[in-house]
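See structure below.
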There are 2 protein chains.
Amino acid sequence: MVTVMPQHTRTGRPRSVAADAAILQATRAALVELGWSKLTMGDVAARAGVAKTTLYRRWTNKNEMVVDAVAVLFDELELPDRGSLLADVEGVVLQFAALLNRPEAKTALMAVVAESTRDDALRERVRSALVDRQKRLVVTGRERAQARGELPYEDDPCETSRTTDLIFDVVAGAVVHRALVSAEPVDEEWARRFTRLLVSGLGSLQDSP
Amino acid sequence: MVTVMPQHTRTGRPRSVAADAAILQATRAALVELGWSKLTMGDVAARAGVAKTTLYRRWTNKNEMVVDAVAVLFDELELPDRGSLLADVEGVVLQFAALLNRPEAKTALMAVVAESTRDDALRERVRSALVDRQKRLVVTGRERAQARGELPYEDDPCETSRTTDLIFDVVAGAVVHRALVSAEPVDEEWARRFTRLLVSGLGSLQDSP
DNA sequence: CCAGTTACGCTACGACGCGTAGCGAAAGGC
DNA sequence: GCCTTTCGCTACGCGTCGTAGCGTAACTGG
């Protein structure tokens with residue numbers, strides 16, 4: 001969904017896939033060293049060993065390029081099966097926290113979201129490259145918990161979808177807010193507290209409609 | 001805590017308080033029309049009817065100025081007593097969502113947080129002007145719930161502090177993530193779902209240590 | 001093999017915002 | 001009245017943006 005077609009438009013010189021990879025890697029390196037605000041297109045081009053014009057042939061601006069550069073980092077997140085819903089959530093929280101500790105991730109994520117509030121195309125790119133892709137973690141975690149009998153099966157797909165969205169925003173939002181806004185460490189103790197709060201909330205929700 | 005001293009440094013021409021107000025108001029207006037990335041110091045100065053140098057006498061850069069400009073918006077948040085913890089939380093969630101719907105708030109908040117990941121002074125300013133100031137909502141909500149008997153009293157002040165921080169990050173984080181990252185509306189239905197999840201989690205936490 | 005098409009590297013350019021310096025004038029305190 | 005600080009104004013060097021134009025490289029179809 002993110003790259004729609006192999007845009008080998010049939011004729012002419014094809015785009016260098018090596019340049020694509022080099023540019024995205026150079027973007028992440030520049031984010032680490034310089035951060036978002038001091039990252040320049042010329043600098044990225046120099047690091048990647050390509051011309052600045054090559055960047056503009058692929059992305060319309062800095063924002064779109066950075067989204068693609070950091071999206072792959074979020075794909076590394078996994079949901080290891082630890083045997084219980086509590087342990088699974090705690091594991092993914094700590095993984096997400098580790099990711100947000102990487103300087104290229106934290107500085108880029110917030111900046112891109114900030115820009116996306118005024119850029120419809122960018123917002124859609126954030127949604128498809130980050131939000132929708134990572135909801136898979138919630139879906140699989142939920143299915144595992146249902147298979148274990150920790151959570152009841154839900155027959156209304158609309159209800160399921162809304163619950164998934166809610167959990168996703170609560171988990172990701174709490175971790176991001178703790179790490180970047182409050183600027184406090186997401187350590188094991190915090191992860192344990194948060195996980196207990198969330199899971200006990202999910203467990204006791206079934207009783208009261 | 002945000003403005004430490006009445007910096008009337010004893011001698012010389014005093015700073016124009018009218019200019020202060022005009023600059024901050026002009027900053028918010030520019031954020032509405034232009035957003036974060038296209039906001040320029042020269043533009044703000046022109047709107048405020050002051051010289052650009054006057055801005056640099058007060059703030060070292062754009063970031064610091066914008067934090068002060070939007071901090072007052074967050075001070076408008078209140079915790080109206082609606083009779084129950086559930087209703088109180090739901091009320092403040094909707095208030096916060098309405099605030100994040102304002103273009104000057106959403107574009108500025110994320111951008112400033114993004115910059116604060118690489119700027120210690122700015123991070124401290126965000127903490128004192130936004131985070132610490134709004135934790136008051138959690139503290140009073142908790143006290144009210146304890147007075148009503150909805151939540152037990154806690155004697156360990158360290159434990160209380162950590163729980164306050166946790167709830168703050170969960171509430172603020174979930175709303176921000178829903179509104180700005182997922183870019184979905186924080187309507188009454190979502191607020192009700194989220195609030196039920198959080199409050200039932202808080203309620204059932206007492207049973208298991 | 002050759003013509004057509006597209007990507008590439010390179011250079012140069014205008015436009016614009018940043019942040020600073022220097023000036024004379026204004027507004028307070030002692 | 002003298003001193004101190006702020007104010008508006010102008011001007012400046014610096015860096016980045018995003019684009020245009022060129023000759024060359026890579027790949028395709030006839």
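Lettering follows sequence order; numbering is per chain, from 1.
- Residues forming a side chain to side chain donor-acceptor pair (under 3.5 Å) with A/E104 (at least two apart in sequence, or on another chain): A/R102.
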Residues 30-39 of chain B, side-chain donor-acceptor partners within the protein, below 3.5 Å, at least two apart:
residue, atom, partner, partner atom, Å
B/E33, OE1, B/R47, NH2, 3.2
B/E33, OE2, B/R47, NH1, 3.3
B/S37, OG, A/E115, OE1, 3.1

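- In this structure A/W59 satisfies the side chain to side chain donor-acceptor pair (under 3.5 Å) test together with A/D68, sequence neighbours excluded.
- Ion pairing between A/D81 and A/R144 holds under the 4.0 Å rule for side-chain N and carboxylate O.
- Under a 4.0 Å N-O distance rule, the pair B/E189/A/R162 qualifies as a salt bridge.
- Within a heavy-atom distance below 4.0 Å of DNA chain C, the residues of residues 39-49 of chain A found are A/G49.
- For B/R13 against D/dT6, a side-chain N or O and a base N or O form a donor-acceptor pair under 3.5 Å.
- Shown for residues 114-124 of chain B: no residue has heavy atoms falling under 4.0 angstrom of DNA chain C.
- Within a heavy-atom distance below 4.0 Å of DNA chain C, no residue of residues 16-28 of chain B is found.
- Under the 3.5 Å distance criterion, the side-chain polar atoms of A/S161 are left unmatched by any main-chain donor or acceptor of A/P157.
- Among residues two or more places apart in sequence or in another chain, the salt bridge (charged side-chain N to carboxylate O under 4.0 Å, His left out) test is passed with A/E184 by B/R127.
- For A/E159, the salt bridge (charged side-chain N to carboxylate O under 4.0 Å, His left out) partners at least two apart in sequence or on another chain are B/R193.
- The ring pair (Phe, Tyr, Trp, His ring centres under 6.0 Å) check on A/F168 picks up B/H177, with sequence neighbours excluded.
- Listed by residue number, the members of residues 52-63 of chain A with any heavy atom below 4.0 angstrom from DNA chain D are A/K52, A/T53, A/Y56.
- Qualifying side chain to side chain donor-acceptor pair (under 3.5 Å) partners for B/R136, counting only residues two or more places apart in sequence or in other chains: B/Q134.
- For B/D132, there are no salt bridge (charged side-chain N to carboxylate O under 4.0 Å, His left out) partners, not counting sequence neighbours.
- Between the side chain of B/D88 and the backbone N or O of B/G141 there is no donor-acceptor pair closer than 3.5 Å.
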